[in-house]
Amino acid sequence: MRTLLVLITIALNISSGCFAQDTIIKHNGDIILATISEINPSEIRYKRYGFSDGPSYVETKSEISMISYSTGLRETFSPGKPAVMPEYAAPKPSEDRRIIALGRSYARDGKKYNEAYIFRTLLNTKDVRIKGLVAESKKAKGMQYIGFAAIPLGLIGLLAVGQGGALSSPDRSLYHTLGAVCIGSAIACPIASGIFKKHRQNRLAEAIKLYNQTL
């Protein structure tokens, strides 16, 4: 029924000179009486028939089946192909080979590792600078344990001072000197340990930075 109506409309528009309008017929069967102002490769611009001062409308050519012009000419259009939306391809998870410091642990490939693993990973590289920094960091780590000597040195110093108090002057002076040296060393050990710890962390951080830059 709709097709018959479309054909009758076209016939009337062609045969009658009293209709000075263009007729747009869409693929979905809609009929638009219009005054076409522009046709470009992708769009058709027009105004509603009888409303020359009204707004302009735009239809895509892919939606148009036929245009019957007021001159009697007709133009048909092939059905537009439905737009094919590009398939969304989820990005493939890529391994993050960078080493990221997380406090006392480290992350790589989405997993956590301890410092010993990071040392081994960095030493497996061919970069001499990275290996040198790791060697310095490991050496500083060994020296860092000097902090544990604070307790026994402190106890020895206190015992020496206490023992020296019961002795005669020459021996007492020797014990007091020994005690002072041990107590001073006990105080210095944690300070030295903190310095070595900082040196170890800095050298390891530099090695990790160089390693990440090579990826």
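- Contact of the Ile25 side chain with the Thr23 side chain is registered, since non-hydrogen atoms from C-beta on lie closer than 4.5 Å.
- Of the possible polar contacts, none joining the Lys47 side chain to the Ala34 backbone as a donor-acceptor pair under 3.5 Å is found.
- Cluster annotation: Tyr113 and Leu123 are assigned to the same hydrophobic cluster (Ile/Leu/Val/Met/Phe/Trp/Tyr, side-chain heavy-atom contacts under 4.5 Å, transitive).
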With a cut-off of 3.5 Å and sequence neighbours excluded, list every side-chain donor-acceptor pair involving residues 184-193.
from, atom 1, to, atom 2, distance (Å)
Ser185, OG, Val181, O, 2.9
Ser193, OG, Gln144, O, 2.7

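- Glu206 has a carboxylate O that lies under 4.0 Å from a charged side-chain N of Arg203, or vice versa, which qualifies the two as a salt bridge.
- Rounded to the nearest 0.5 angstrom, Met143 CE and Arg200 CZ are separated by 14.0 Å.
- Ile183 and Ile146 are not part of a single hydrophobic cluster, where members link through side-chain heavy atoms under 4.5 Å apart.
- Heavy-atom minimum distance, Lys131 versus Leu122: CG-O, 4.5 Å.
- Between the side chain of Asp22 and the backbone N or O of Thr35, no donor-acceptor pair lies under 3.5 Å.
- Closest non-hydrogen pair, Tyr46 versus Ile24, comes out as CD2-CD1, 3.8 Å.
- A cation-pi arrangement, defined by a distance under 6.0 Å to the six-membered ring centre and an angle within 45 degrees of its axis, is absent between Arg45 and Tyr57.
- With contacts defined as side-chain heavy-atom distances shorter than 4.5 Å, the pair His27/Ile64 does not qualify.
- Residues Ile39 and Val58 do not share a hydrophobic cluster, defined by chaining ILVMFWY side chains whose heavy atoms lie under 4.5 Å apart.
- Contact of the Lys61 side chain with the Ser42 side chain is not registered, since no non-hydrogen atoms from C-beta on lie closer than 4.5 Å.
- Of the residues listed (Asn114, Thr121, Ile208), the one engaging Tyr106 in a side-chain contact (heavy atoms from CB on, under 4.5 Å) is Ile208, and it is the only one.
- Counting heavy atoms from C-beta outward, Glu43 and Asn40 have side chains that approach closer than 4.5 Å.
- Residues Tyr211 and Arg98 have side chains that never bring a donor and an acceptor to within less than 3.5 angstrom of each other.
- Interatomic distance, Asn202 CG to Glu136 CD, rounded to the nearest 0.5 Å: 11.0 Å.
- Closest of all the heavy-atom pairs between Tyr117 and Arg108 is OH-NH1, 3.3 Å.
- Between Pro152 and Leu155 there is no side-chain heavy-atom pair separated by less than 4.5 Å.
- Considering only heavy atoms from C-beta on, Phe77 stays 4.5 Å or farther from Ser62 through its side chain.
- Both Leu73 and Ile67 are part of a single hydrophobic cluster, where members link through side-chain heavy atoms under 4.5 Å apart.
- Using a 4.5 Å cut-off on side-chain heavy atoms (C-beta onward), Ile99 and Ile118 make contact.
- Clustering ILVMFWY residues whenever any of their side-chain heavy atoms sit less than 4.5 angstrom apart, transitively, puts Leu159 in a cluster other than the one holding Ile151.
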Pair Ile44, Ile36 - check side-chain contact (heavy atoms from CB on, under 4.5 Å), show working. CA-CA 7 Å; Ile44 297 173; Ile36 295 175; 4.2 Å; yes
Can you check side-chain contact (heavy atoms from CB on, under 4.5 Å) on Glu75 and Tyr69, steps first, answer last? CA-CA 8 Å; Glu75 185 176 5; Tyr69 298 100; 2.6 Å; yes
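- Listed for the His199 side chain is no donor-acceptor partner under 3.5 Å among the backbone atoms of Ala140.
- Taking each heavy atom of Ala207 and Val134 in turn, the nearest pair found is CB-CG2, 3.9 Å.
- Between Lys26 and Glu59 there is a salt bridge, since at least one side-chain N of the basic residue sits less than 4.0 Å from a carboxylate O of the acidic one.
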